Amino acid sequence: MSYVSYSKSNGIAVATIDNPPINALSIGVRRGLMDAIERAQSEDDVEALVIACAGRTFVAGADISEFGKPYEEPSLYKILDALGTSSKPSIAAIHGMALGGGLELALSCTWRIAQSQAQIGQPEVKLGLMPGGYGTQWWLRLAGPQVALDVSTSGNPVSAEQAHEWGVIDYLVSDPAVDLVSAATDFAQDLIRKGALARDLSAIKGPVNNVDPAVFEVYRQKNQKKWRGLVAPQKIVDVLATSCALTFDEGCALEKKAFQECEHSPESMSLRHLFFAEREAGKVPGTDKATPLDIKSVAVIGAGTMGQGIAQACASAGMSVVIVDRTYEALERAIVAIQGNYGTSVARGSMARAKADRAFNLISISSDLVAVSKCDLIVEAVFEDLGVKQSVFRDLDAVAKPHAILATNTSTLDIDLIANVTRRAQRVVGMHFFSPAHVMKLVEVIKGSQTSDEVSATILKVTKALRKIAVFAGNEEGFIGNRILGAYGREADYLLEEGATPWQIDRVLNQFGFPMGLFAMRDMAGLDVIWRIRQEREQKGTRPAYERYSVLADRICEQGRFGQKTGSGYYRYEGRTATPCPEIKALIVQVSADAGIERREISDEAIVQRIMCAMVNEGARIIDSRTAQRAGDIDIVYTNGYGFPSYRGGPMFWAQQTGLQKVYKMVQEYHMLYGDTWRPAQSLAEAARTNQWPACQA
Ligand code: NAD
């Protein structure tokens, strides 16, 4: 099969890449391109070579599955060098996206023409990499250091129009009806007529003069917080800063070395793992054979924190939304909050005014449940109370159209107990959004025992339209994320009793890469809600007998310390600023003494190890119980919903990087020391034996 076709007319050869869906630069494409470049070079009747793409885009990237492995020849470097040394000028004709190696292919051509609607970019940094096909050198030399820094360290694409202003694109085709290849050949013919087809790049390939070295340090300082824990953006700055004093070829050699270091970095391996895990998460048994429904209108029941965010997310995706609540006050508060959010996005420049207005106008409000009667999807986000939710679902079942899907945003309740009060249990599903729901990308999707494949397929499609990631979870308490949070939260509580302080644990978690420590997070969420849940559980007697119970959180709540909202919790607050609190330290020491626990010095390393092992063992139990489909799904949940640093790849990937056998051994030791809460999961034992996480059976 040929990925690159070659044709000729009037002295211009055209190489057309055809490797759907994104024309990735896989080995077949590279071979085809090399042949085309050599053929154009050797044919006397060819004066120039146009490189274009079939399908909906120019080359939108390298073949990511090839990273970290030995490359098959010809490498991208060989192709770029062949273009650079060929005596026949080349013209890249860009439509859709030219990204990463695809853009670098275009940059190595003599000229670039693009449709005005096209976008170009260097997204490598999002996978812990950096431009590796001379991208840093071209950007530095064509557009200057500031643009080179922005484009390569943000990874965000820019419009062809903007790139044209910067001199990176030579010619724009603004009429989308014009055939781009014809425009490229006309462009070449025109240059031939003017005798200007060849281009002297010698000036551009020398050192870059008159650059203030402070530009790079200032940029580094400005992004210090954003790049915490990341290596790739730092390396990009290093390469760009040093390259100013170098020739193009010397700069390319420097870039190549730095790229290879990134390619083998734990950060890039983690981010690549998450990239593939995200793709896998979308594969849910049964959904491939089902036809998803088209969801155009959504109703959100409950105008509180979650309802507001869910409504905004749906409207931003172009769906019409009605929010229903019992009171007009709640509805008005919601509308004001949503309007405020859109206003902030516009002010920040992350959303165009027209788009924000369009989305906002898609939202209506009602205090009458009948307003949902025409909606395709109804998402319930009322109080977390089974009785209240059941009553809402009974009413919804009566007024919603027969094919409407009823989703609940419950974070703890059994989906079946909600579904079974309706006459359409097969059309009921859990959609567990995270707060703030218009920002957070994760949605845990919970199938009840009767949820149909058609409904699952539809929810997958809807979450994609919302630009969110769906991870399917079993209908077990805590689903995936909160179950793991419960396990490591418990361990953190024990660590407090044994000698640590909330501020030590939070500092350690923060240094590990979490944006916020566990206790500061609890204080922010409010300690009273979970206190009530603990009391209910205590009454029901559902806690296993072997599980040690730390009373510290109860003692804190008994003092009326509910976190930020009361000015104190695990910390003392002035506004949102937390300070360690001597009274809490005294309370912890008292709780340890009451429990007969002798406090000891606990090292930062011991804290990381114990908390991570608790997460991993619970994750493995989640695989045992088939609550998650695969280990990668757990990593997606943790990095997208719970602040686990993406550059560490999620807890299950952390275990793989640390060594599955080593982690299993640590869990076994904790089991001996602390009893059955630490019983090693079967999947962990198996993973230690086979050196990989077991795949779950459907
Ligand atoms: P909230 O208290 O902010 O809002 C609940 C809203 O529901 C209120 O406006 C209330 O007036 C309305 N409501 C109550 N009963 C109603 C009824 N019968 N009909 C119409 N409206 C009714 O609560 P929230 O934080 O938005 O949580 C809502 C749901 O989302 C809960 O199930 C919660 O567990 C879940 N959840 C919350 C979070 C979070 O971080 N807050 C995260 C994930 C899931």
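In listed order, ligands and their atoms are each counted from 1. What you are looking at is a predicted structure, and each value in this text was computed from that prediction instead of being measured. These numbers come from the heavy atoms of this one structure, side chains and all, not from hydrogens, waters or symmetry mates.
Ring to ring, Tyr642 and Phe434 are close: their centroids are under 6.0 angstrom apart.
The aromatic rings of Tyr342 and Phe360 lie perpendicular to each other, with more than 60° between the two planes, well past the 30° mark. Taking the six-membered ring for Trp and thresholds of 30 and 60 degrees, Trp531 and Phe562 have ring planes inclined between 30 and 60 degrees apart.
Of all protein heavy atoms, the one closest to atom 18 (N) of ligand 1 is Val392 CG2, 3.4 Å. When only non-hydrogen protein atoms are considered, atom 1 (P) of ligand 1 lies nearest to Gly304 CA, 4.0 Å. Ranking protein heavy atoms by distance to atom 33 (C) of ligand 1, first place goes to Glu384 OE1, 3.6 Å. The protein non-hydrogen atom at the shortest distance from atom 2 (O) of ligand 1 is Phe383 CE2, 3.5 Å.
Closest heavy-atom contact between Lys401 and Arg424: O-NH1, 2.9 Å.
At least one heavy atom of Phe433 sits under 4.0 Å from some atom of ligand 1. Judged by the shortest distance from any of its heavy atoms, Gln308 lies outside the 4.0 Å radius around the atoms of ligand 1.
Of the N and O atoms on the side chains of Arg548 and Tyr494, not one donor lies less than 3.5 Å from an acceptor on the other residue. With 3.5 Å as the limit, one finds a donor-acceptor pair spanning the side chains of Tyr573 and Asp523. For the residue pair Glu384 and Thr412, a side-chain donor N or O sits within less than 3.5 Å of a side-chain acceptor on the partner.
Looking at Glu498 and Arg610, their side chains come closer than 4.5 Å, going by heavy atoms from C-beta outward. Here the side chains of Met351 and Ser316 are in contact, with some heavy-atom distance below 4.5 Å.
Closest to atom 3 (O) of ligand 1 by heavy atom, among Thr305, Ile301, Val324, is Thr305. When the heavy-atom distances from atom 27 (O) of ligand 1 to Met431, Met306, Glu329, Arg326 are ranked, the shortest goes to Met306. Counting only non-hydrogen atoms, the option in Thr410, Asp325, Ile310 that gets closest to atom 12 (C) of ligand 1 is Asp325.
The contact set between ligand 1 and Lys389, taken as ligand atoms under 4.0 Å from a residue heavy atom, comprises 31 (C), 32 (O). Less than 4.0 angstrom separates some heavy atom of Ser435 from each of these atoms of ligand 1: 40 (O).
Polar contact with ligand 1: absent for His432 (N/O pair, distance under 3.5 Å). Residue-to-ligand polar distances place Asn409 within reach of ligand 1: an N/O pair is separated by less than 3.5 Å.
When heavy-atom distances to ligand 1 are checked against a 4.0 Å cut-off, Val382 comes that close through both its backbone and its side chain.
Atom 23 (O) of ligand 1 is not flagged as protein-proximal [any protein heavy atom, distance under 4.0 Å].
Of the candidates Thr410, Thr408, Asn409, Glu380 forms a side-chain hydrogen bond (donor to acceptor under 3.5 Å, both in side chains) with just one, namely Thr408.
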